[in-house]
Amino acid sequence: MKATGIVRRIDDLGRVVIPKEIRRTMRIREGDPLEIYTEKDGEVIFKKYSPMGELSSFAEQICESMHKTAEYSAAVCDRDSVIAASGAGRKEIIDRHISSELEEIMEGRRAFRADPGAKRVPVTDGEDSPAAAVAVPILSEGDVLGCVVFLERPDGVRAGDTELKLATTVSGFLGKQMES
């Protein structure tokens with residue numbers, strides 16, 4: 001654990017303000033759920049809660065099936081990072097923060113398919129990140145929970161309607177799983 005040197009007081013309703021710098025760095029947005037942990041020595045720890053994180057082993061199996069079916073590397077993201085991946089490039093993206101471009105696609109709540117000559121959409125932060133060939137937001141009860149992604153293929157084969165429909169189907173399925 002890293003000390004920030006920032007001290008905040010608890011108000012009369014038991015609230016504490018998390019400083020803007022920390023919210024920005026940790027990508028904590030208004031309405032994000034936080035899980036609260038306590039330690040015997042008096043520590044109180046806030047951890048971002050990801051409902052998609054509960055499905056990570058299930059998402060790993062889905063990514064494997066998508067990869068085998070479509071012959072594209074596949075990934076499932078929550079709102080902050082890649083939680084499951086399969087295929088080439090898996091090690092470069094797993095557990096890394098998603099890119100701001102992918103975050104914009106999710107917030108737009110629309111499916112994305114890369115077009116030739118269009119701006120590249122990296123999956124994660126960093127220059128070495130593979131790009132998305134297809135990205136479909138996961139929606140549950142009107143909330144964006146994450147994204148299903150096919151990565152661009154190294155041979156340059158462009159994703160078609162089949163890959164887009166498969167990602168849309170998986171996205172819808174995962175969204176329904178989160179409702180129950």
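- With contacts defined as side-chain heavy-atom distances shorter than 4.5 Å, the pair Glu21/Ile6 qualifies.
- Under the side chain to side chain contact (heavy atoms under 4.5 Å, CB included) test applied with Cys77, the options Val82, Ile83, Ile138 reduce to a single match, Val82.
- Note on Val134: it clusters hydrophobically with Val76, by side-chain heavy-atom contacts below 4.5 Å among ILVMFWY residues.
- Closest approach of Leu102 and Val123 over heavy atoms only: CD2-O, 3.6 Å.
- No continuous path of ILVMFWY side-chain contacts below 4.5 Å connects Val136 to Ile105, so the two sit in separate hydrophobic clusters.
- In this structure, NZ in Lys20 is found 14.0 Å from CD1 in Ile28, a value given to the nearest 0.5 Å.
- A salt bridge links Glu60 with Arg90: at least one charged nitrogen is closer than 4.0 Å to a carboxylate oxygen.
- Around atom CD of Glu71, no more than 12 heavy atoms belonging to other residues, nucleotides or ligands sit under 6.0 Å away.
- Panel note: side chain Ser81, backbone Asp95; no donor-acceptor pair is recorded below 3.5 Å.
- Side-chain contact between Val121 and Glu152: absent, with no pair of heavy atoms (C-beta onward) separated by less than 4.5 Å.
- Contacts of Arg158 classified as side chain to side chain donor-acceptor pair (under 3.5 Å), with partners at least two apart in sequence or in another chain: Asp115.
- The two residues Ser140 and Glu179 have their closest heavy-atom pair at OG-CG, 3.2 Å.
- Note on Val44 and Leu34: same hydrophobic cluster, where clusters join Ile, Leu, Val, Met, Phe, Trp and Tyr whose side-chain heavy atoms are under 4.5 Å apart, directly or indirectly.
- Legend: salt bridge (charged side-chain N to carboxylate O under 4.0 Å, His left out) pairs involving residues 162-173, not counting sequence neighbours: none detected.
- Between Ile93 and Ala75, the shortest heavy-atom contact is CD1-CB, 3.8 Å.
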- Query: Does the pair Arg8 and Arg15 meet the rule for a side-chain contact (heavy atoms from CB on, under 4.5 Å), with working shown?
  - Reply: CA-CA 10 Å; Arg8 292 287 191 257; Arg15 298 175 296 198; over 6 Å; no

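- Among all heavy-atom pairs drawn from Asp80 and Arg29, the shortest one is OD1-NH2, 3.7 Å.
- Annotation: side-chain contact (heavy atoms from CB on, under 4.5 Å) contacts of Asp128 (sequence neighbours excluded): Arg96.
- Residues Leu139 and Phe173 fall into different hydrophobic clusters, defined by Ile, Leu, Val, Met, Phe, Trp and Tyr side chains chained together at heavy-atom separations under 4.5 Å.
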- Query: So Thr38 and Ile45, side-chain contact (heavy atoms from CB on, under 4.5 Å) or not? Walk me through it.
  - Reply: CA-CA 6 Å; Thr38 59; Ile45 301 164; over 6 Å; no

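- Linking Ile, Leu, Val, Met, Phe, Trp and Tyr whenever their side-chain heavy atoms come within less than 4.5 Å puts Met178 and Leu174 in one cluster.
- Here CG of Leu164 is found 4.5 Å from OG1 of Thr168. Values are rounded to the nearest 0.5 Å.
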- Message: Pair Ser99, Asp125 - check side-chain contact (heavy atoms from CB on, under 4.5 Å), show working.
- Response: CA-CA 5 Å; Ser99 69; Asp125 287 339; 4.2 Å; yes

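- Residues Val148 and Ile62 fail the side-chain proximity criterion, which asks for heavy atoms closer than 4.5 Å.
- Annotation: side chain of Ile98 is not in contact with side chain of Cys147 (no heavy-atom distance under 4.5 Å).
- A ring-ring contact (aromatic ring centres under 6.0 Å, His included) check over residues 21-48, counting only residues at least two apart or in different chains, returns nothing.
- Annotation: ring-ring contact (aromatic ring centres under 6.0 Å, His included) contacts involving residues 85-106, sequence neighbours excluded, are absent.
- Each ring-ring contact (aromatic ring centres under 6.0 Å, His included) pair with one or both residues in residues 126-158, not counting sequence neighbours, appears once here: Tyr72-Phe150.
- At a threshold of 4.5 Å between non-hydrogen side-chain atoms, the residues Glu101 and Lys119 count as touching.
- For Ala85 against Ile94, the heavy-atom pair with the smallest separation is N-CD1, 3.7 Å.
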- Message: Under the criterion side-chain contact (heavy atoms from CB on, under 4.5 Å), I'd like the reasoning laid out for Thr124 against Glu92: C-alpha separation, chi angles, the key distance, then a yes or no.
- Response: CA-CA 9 Å; Thr124 59; Glu92 288 83 17; over 6 Å; no

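- The two residues Arg120 and Ser129 come nearest to each other via the heavy atoms NH2-O, 2.5 Å.
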